[in-house]
Structure formats: C-alpha cells, structure tokens
4 protein chains.
Amino acid sequence: MKKPGVKDRIIETASRLFYLNGYNQTGINQIIDEAGVAKASMYQHFRSKEEIAVSYLERRHRLWTDSLMKRISAVDAPQDKIMATFDYLEQWLKEVDYRGCGWQNIITDLPVDQTRIREQAVFHKNEVKEVIIDILQQAYTTEKATVLGKQLMVLMEGAIILSQIQKNPWPIQSAKEAGASLLEI
Amino acid sequence: MKKPGVKDRIIETASRLFYLNGYNQTGINQIIDEAGVAKASMYQHFRSKEEIAVSYLERRHRLWTDSLMKRISAVDAPQDKIMATFDYLEQWLKEVDYRGCGWQNIITDLPVDQTRIREQAVFHKNEVKEVIIDILQQAYTTEKATVLGKQLMVLMEGAIILSQIQKNPWPIQSAKEAGASLLEI
Amino acid sequence: MKKPGVKDRIIETASRLFYLNGYNQTGINQIIDEAGVAKASMYQHFRSKEEIAVSYLERRHRLWTDSLMKRISAVDAPQDKIMATFDYLEQWLKEVDYRGCGWQNIITDLPVDQTRIREQAVFHKNEVKEVIIDILQQAYTTEKATVLGKQLMVLMEGAIILSQIQKNPWPIQSAKEAGASLLEI
Amino acid sequence: MKKPGVKDRIIETASRLFYLNGYNQTGINQIIDEAGVAKASMYQHFRSKEEIAVSYLERRHRLWTDSLMKRISAVDAPQDKIMATFDYLEQWLKEVDYRGCGWQNIITDLPVDQTRIREQAVFHKNEVKEVIIDILQQAYTTEKATVLGKQLMVLMEGAIILSQIQKNPWPIQSAKEAGASLLEI
DNA sequence: CATGAATGAGTTTTCATTCAT
DNA sequence: CATGAATGAAAACTCATTCAT
C-alpha cells in the first residue's frame, strides 16, 4: 500500500482539472502544483500538454465505458439496455453538474496542431456507437441495428451538449423519449 | 454606401476568427491587426474580449436564424419545414467544413467568470427551440409540439457536434431520418 | 533631451550583454531587467531574441566600421591605412580585454534555425573585406588588390580569434608583421 | 575486441554532437540517449558537462594532431610540410562542411566559470603553434622560425574561422598563398 | 474618437544536476 | 558500477488590458 506514483498523480489531477475547468483554462503550473510534482518531473513522463490530454482521454474512455457497461449489464433486453444508457447519462450528468462530455469539450476550441486529441475523440465516439449497435443487434438485423444505432448516438450527443448549455436535464429526458419512439417501445 | 465603422469591422473580424479558429485560439492582437484598428480604439468600443464575443454571438444569432427562416419559408407544410431545417444544417456544416456550432464551441472551454457568453448560448438555443415548436404548432397541439420540438432540437444539436467530431455528414443524415420517424412521415 | 526610448535601451543593453557574456549566456530576462523594460514591451519591438541579435549586429556594424574608418582616415598612404587597421585591432581588442569579434562569437554556437544572424556575419565580413580591397586599389591593380585584400582579411580574422583564445596581443602583432611583409613594406 | 565502455561511448557521442551541433545546442539528455547510457552512469564518469567537454577536446586534440602529423610526414622539406598543413586544413574543412575549429567554436559563447575548457583551447593552439615552429626550425634559426611560425598560425586560424563564416574555401586558399609569400616560396 | 507604447502575469517547455535504490 | 525518477531554476514567448498623448 504505497502512495500513487508521480505519473498517476499527474493524470488524475489533470483529468479532474481538464474536465471541470477545461483544457485551455488549465495550465501546466496548476496541474503540477495540485499534483505536488516538479515541472521537470512532469515532462519526464509526458512530452507535452497534449500528451497529458491524450492520457486523460484514454483513462476517461476506460472509466466511462466501464461504468456504462456495468450499468447496462444489469438488464437483459436490448431495449432495456438502451433505456438504461439514457438513465446512465442522466445520472452521470447530474452528478457532474452538467459539465458535459470530456471529448466534446476538448475538441471544440483546440490548437490546430493537436491532432492526437482529435483522434481520441473520434475513437471514443466510434467505440460508443459500436456498443450501441452491438446491443441492437440482439434484437434487429445488422442493417437495422446500424441505422438505429446511429440515430440513438446522435440523440445521446445532443442530450449531452444541450443539457450542458441549459444546465438542465430536460434534453436527456427528451432524448430518452425520442429513443423509445424510435425503438417503438 | 460607406466603409463599415470601427466597431463593425471588429465584430466582423472577430466573428470570422472566433468561429473558424476558436475563441481561445484567437488573440486580441490578431483581431485588431486583421480589422486594422488600434488596440485602444477596440477597448473604447468593447470593455473586454468577452464583450466582443457577446457581440459576435448576437450578430451570429441574427444571421444564422435569418438564414434558417429564409430556407424554411420556402416550403409550407410543417413537416417539410422541419425536413428543410435538417437540409439547412447539412448544407451549412458542409460549407464550413464541419466546424460545428459557434455557441457550442465557445462555451465548452471558457473561463468560469465569462457568464455573459453562457447566457448568449442559452438564449440562442432557446430561440431555435421556439422556432421549431412554433412550426410544429401548425400541425399539433401545443403540448405535442413542445414534446416533439424538444426531441428534434436534441437531434439537431447531436447532429452538429457529432458531424464536427467525425468531420462527416452522416450524423446529420441520421438525425434527419430519426426526425422523420418521430414526425411519422 | 529626453531619456532614450525603450527600443534603444533594449538594443544597447543587449549589445553589451551579447558581446561581453555571449548570446547563449544572455537570457531575455537579463536583458529586460537591466534595460528596465517589461517583457511584453520588448516583444512589441522585437519578434524574437534572434531579431534583437540582428539589431545588435547591425548597430555594431555601424559603430565598428565608423571607428575603423575614422582611424584610417587619419593617414593617407594605402599601406599606412592597412597598418593603421592592425593598430586599430590591437587597441580595440585590448580595451575589450580580448573578448574577440561579435560576429565570430555569435555564429560559432548558434541554433541552426537562426539564419538571419548568419547572414549578418557574412555581410559584415564581406563589407570589411571590401574596405580593405578599396584601400589597396589606391596602390595596386584591382586584381592584385583583391588577392592581397583577402590575405590581409584572413590575417585580421586570425589575429582576432587567436588573441581571444590566448588573451594576449601577440597574434595581432604577428598579423601586422605578416601584413607588412605581404605589402613588401 | 569488445564494445567500447560507457565512458568512451559518452566521449565519442559528445564529441560528435558538440562539434557538429555546438556545445550549447547539445543537451546532456541527447548525449546519454544517443550514447545509450543512464544519466547517473554518466555523472559517475563525469562531474559535469564541462568535464565531458574537456574530455572531448583532449580526444579531439589527439586525433586532430595525429592526422596532421601523418599528413605532413609524407613530405620532407619544411616548406612542403607547411604547404601540406594548408592542404590538410582545406580537405578537413571541406569534409566537415566548414564547421570550423572545435576549440574556437566552444570558447566563444561559454559560461564564465568554465575555465577548464578555455585552458584546453589555449593548450591546443600552443601545441599546434609549436608543431609549426618545430618544422620551421629545420630551415631557419630558432628566432626566425618563431616569428614565422606565429604568423603562419594566425593565417591558419583566420582561414578556419573565415571559411566557417563564408562557408567557402577561399580563405584557406588565400592563407596558403600568403603563407607561401611569407616563406618566400 | 483614435492611437501605439507599455505592462504584469501568465504560458509551455528545457536545462544540468542529484538522489534513492 | 548502473539506474531512472525527481528536481529547481531558467529558458523564450504570449496574454488581455491600461495609459498617456
């Protein structure tokens, strides 16, 4: 039982600050101060701020999808899993005071050269989309599952960003209703 | 027919830069250089960078909604107007190379104290939502129009942000399909 | 009678520090501290440290060649002017404690991308060479003056760098002797 | 026949980097990376970066003078040996793309406290000067050899630094001509 | 109403060196 | 004899804003 290593402390601190305050609003100095690490130690583990962000998004992808998988594994029927996904969004976003999606937030106002961050966002959204489609394939043909999955994915993304702007859960509820309609539940 | 005044030149230049390059990526110096005005002249018209952003969003709201209204006024049936809205999104986003929504982009990574920008985003999204609901009230009860309008609004927001991440129009097409399903077209 | 402007103070301070301590050994902070200028003020006048160095070398070229011209204008015969040039080197280098040549010193250990500094060094040395050749053309054919001028130029460069390494005037005296031999004085 | 030890690998790597890229432009990290040794291993063998530079210059002195001696041993007459020295300079500098003299390059922009490096430069230049004088003593009195040797030494130094600035062999050729004149060849 | 010089506090990144193992 | 993590200090540069004219 030892205290977490420097690299982990940096990632955890940066994850918190990047998500809550934003990537551009979070300086290297704040990260190292709050992580209790020397600046050069940080640059021993990460080549650049962008690389920290990539680690942040990789970690976030693991945690976020794990949470989602856990939640939807509690129910069996594909339609129930989709509804559970909307419930998951609602609960998560409420807990973080509608701070929105880490990937959406970071790519919207990014220095042009930081392409690895963009790749992370594309990857994450594709992975989530595949999860949705996989669920639907238990009830529909592959073709139908793909069509529906994309529609549900769009609904979820809209629910996240709109609830962030409005600081209100109604977009998530509307998305859930719309999702139910599309699934003809 | 005279050349635009200082204030307008600043707003126009800032609008272009804020939207295309991002709010945090655009410095005051770049704005005044490209607008061809002195720094202190700029601060005579705007108290702060945030205030320029507010003017940018006000102007953008006018232009964006005008374009939308013009587009949907070309058709009569409420359902057609909704479909035209999706077509409008698709064309617009293609033209700007899927640069996304000016309001979404600016609020996701913002200093905490810049509340007036947030207010602009809330206002804009509410206005657009009201436009959608107004259209639907021509075909449905107020209650039904409100419910459907919110769902369509969520779809549109998701289409914008997801097409931005993927640099691809498929989310807009999926949103349109889903919108058609919800309207039972 | 007003105090010198910020830009001049920066150039003068940087000139002193670059020459006496070296380009790499002189940081931006030291320059602005000793010049009594804010960092951003400095960057308003100079785009980069390299640009300060270019201004330093331009200024140094003016001052250095002016001093030389003044010295050699005191005598008439071309051979005397050349000897006066060696005397000038000897006196100058003694006064600066054999700190050597500003252009030699700056190009020998320079970041590869700073090409404008290299251009300054090439320019300065060519100008000095032309001064020498011009003098000799008063006594020799253009061809002979060119050949001899290059040889004298090499002697002078060697005298400067070798007196710098040895912290001793003997290389300048040897160069003067050799110069006299070459001119058959 | 075994692979070179850690210390030698460091010296060889540092020699290459210090000479080709410059002392200030070469970081400790680059040296240990390219030498494939751990940082603390390096500091086991060398107290500081300066000490590596001293070893680099010691090694360079051996290699450089050995090459020169080999070249001039091919001819017998003292005057031919001097001419061969100029030829050696020309060939060497062309091969290294006129990168100049390792000692000149390192002392011109150095932290003031690194005196041991300066000592190396003084030592090397004196040794070379003595080589020249020794050659000349085969044809002249000691006094005459000393006078001429110093003049030739200045010419060579000038040829090296000026060919470095101009990235051109003309200063070496001019130095050779001047040397021939001084030797009355 | 217009100007450009000046600023303090910030940014990200790199340096040579030391220490615990 | 070897290691890689950790460091304080410094590097060059940019930010939004203010002020005297």
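Lettering of chains follows the sequences in order, A, B, ..., and the numbering in each one begins at 1. All values below were derived from every heavy atom in this structure, side-chain atoms included, with hydrogens, water molecules and symmetry-related copies excluded.
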For C:Met42 and E:dG8, give me the distance from atom CE to atom P, rounded to whole Å. 15 Å
Paired nucleotide for F:dC13 [Watson-Crick or G-U wobble; both distances under 3.5 Å]: E:dG10
Any donor and acceptor pair, going by atom type alone, linking the side chain of A:Arg59 with main-chain N or O of A:Ser15 inside 3.5 Å? no
Can you tell me which nucleotide in F:dT7, F:dC15, F:dG4 comes closest to the side chain of C:Ala40? F:dC15
Sub-3.5 Å donor-acceptor pair from the side chain of D:Glu51 to the main-chain atoms of D:Arg47, do we have one? yes
Looking only at the side chains, is there a donor atom on one of C:Gln114 and C:Tyr23 sitting less than 3.5 Å from an acceptor on the other? yes
At less than 4.0 Å, is any side-chain N or O atom of C:Ser41 found next to OP1 or OP2 of E:dT7? Yes or no. yes
Specify the separation, in whole Å, of atom CZ of D:Arg47 and atom C1' of E:dT18. 15 Å
In whole angstrom, give the distance that lies between atom CD1 of C:Ile31 and atom C1' of F:dA12. 11 Å
Nearest-nucleotide comparison on DNA chain E, the residue closer to the 5′ end among C:Gln44 and A:Ile28: C:Gln44
Mapping B:Gly36 and A:Tyr23 to their closest nucleotides on DNA chain E, which lands nearer the 5' end? B:Gly36
Measure from CG on C:Leu17 to C1' on F:dA10 and round the result to the nearest Å. 16 Å
In whole Å, what separates the C1' atom of F:dT21 from that of E:dC1? 13 Å
Hey, is the main chain of A:Leu17 close enough, under 3.5 Å, to the side chain of A:Thr26 for a donor-acceptor pair? yes
Report yes if at least one side-chain N or O of C:Tyr43 is closer than 4.0 Å to OP1 or OP2 of F:dT14; otherwise report no. no
For F:dA5, which nucleotide is its Watson-Crick or G-U wobble mate, given both distances must be under 3.5 Å? E:dT18
For D:Asp109, does its backbone N or O pair with a side-chain atom of D:Asn24 as donor and acceptor, under 3.5 Å? yes
For D:Lys7 and F:dA2, what is the distance between atoms NZ and P respectively, to the nearest whole Å? 12 Å
Provide, to the nearest angstrom, the distance between the CD atom belonging to D:Glu51 and the P atom belonging to E:dT18. 12 Å
Using heavy-atom distances to pick each residue's nearest nucleotide on DNA chain F, tell me which of C:Gln30 and B:Thr26 is more 5'. C:Gln30
D:Asn24 atom CG is separated from F:dA12 atom P, nearest whole Å, by 12 Å
What is the distance, to the nearest angstrom, from the CG atom on C:Asp33 to the P atom on F:dA12? 12 Å
Report yes if at least one side-chain N or O of A:Lys49 is closer than 4.0 Å to OP1 or OP2 of E:dT12; otherwise report no. yes
Determine whether a donor-acceptor pair (one donor, one acceptor, N or O, separation below 3.5 Å) exists between the side chain of B:Lys39 and the base of F:dT17. yes
Any side-chain N or O of A:Asn29 less than 4.0 Å from the OP1 or OP2 oxygen of E:dT11? yes
Looking at A:Glu50 and A:Thr115, would you say the former's side chain and the latter's main chain have a donor-acceptor pair under 3.5 Å? yes
Residue-phosphate contact under 4.0 Å: C:His45 side-chain N/O, E:dG4 OP1/OP2: no
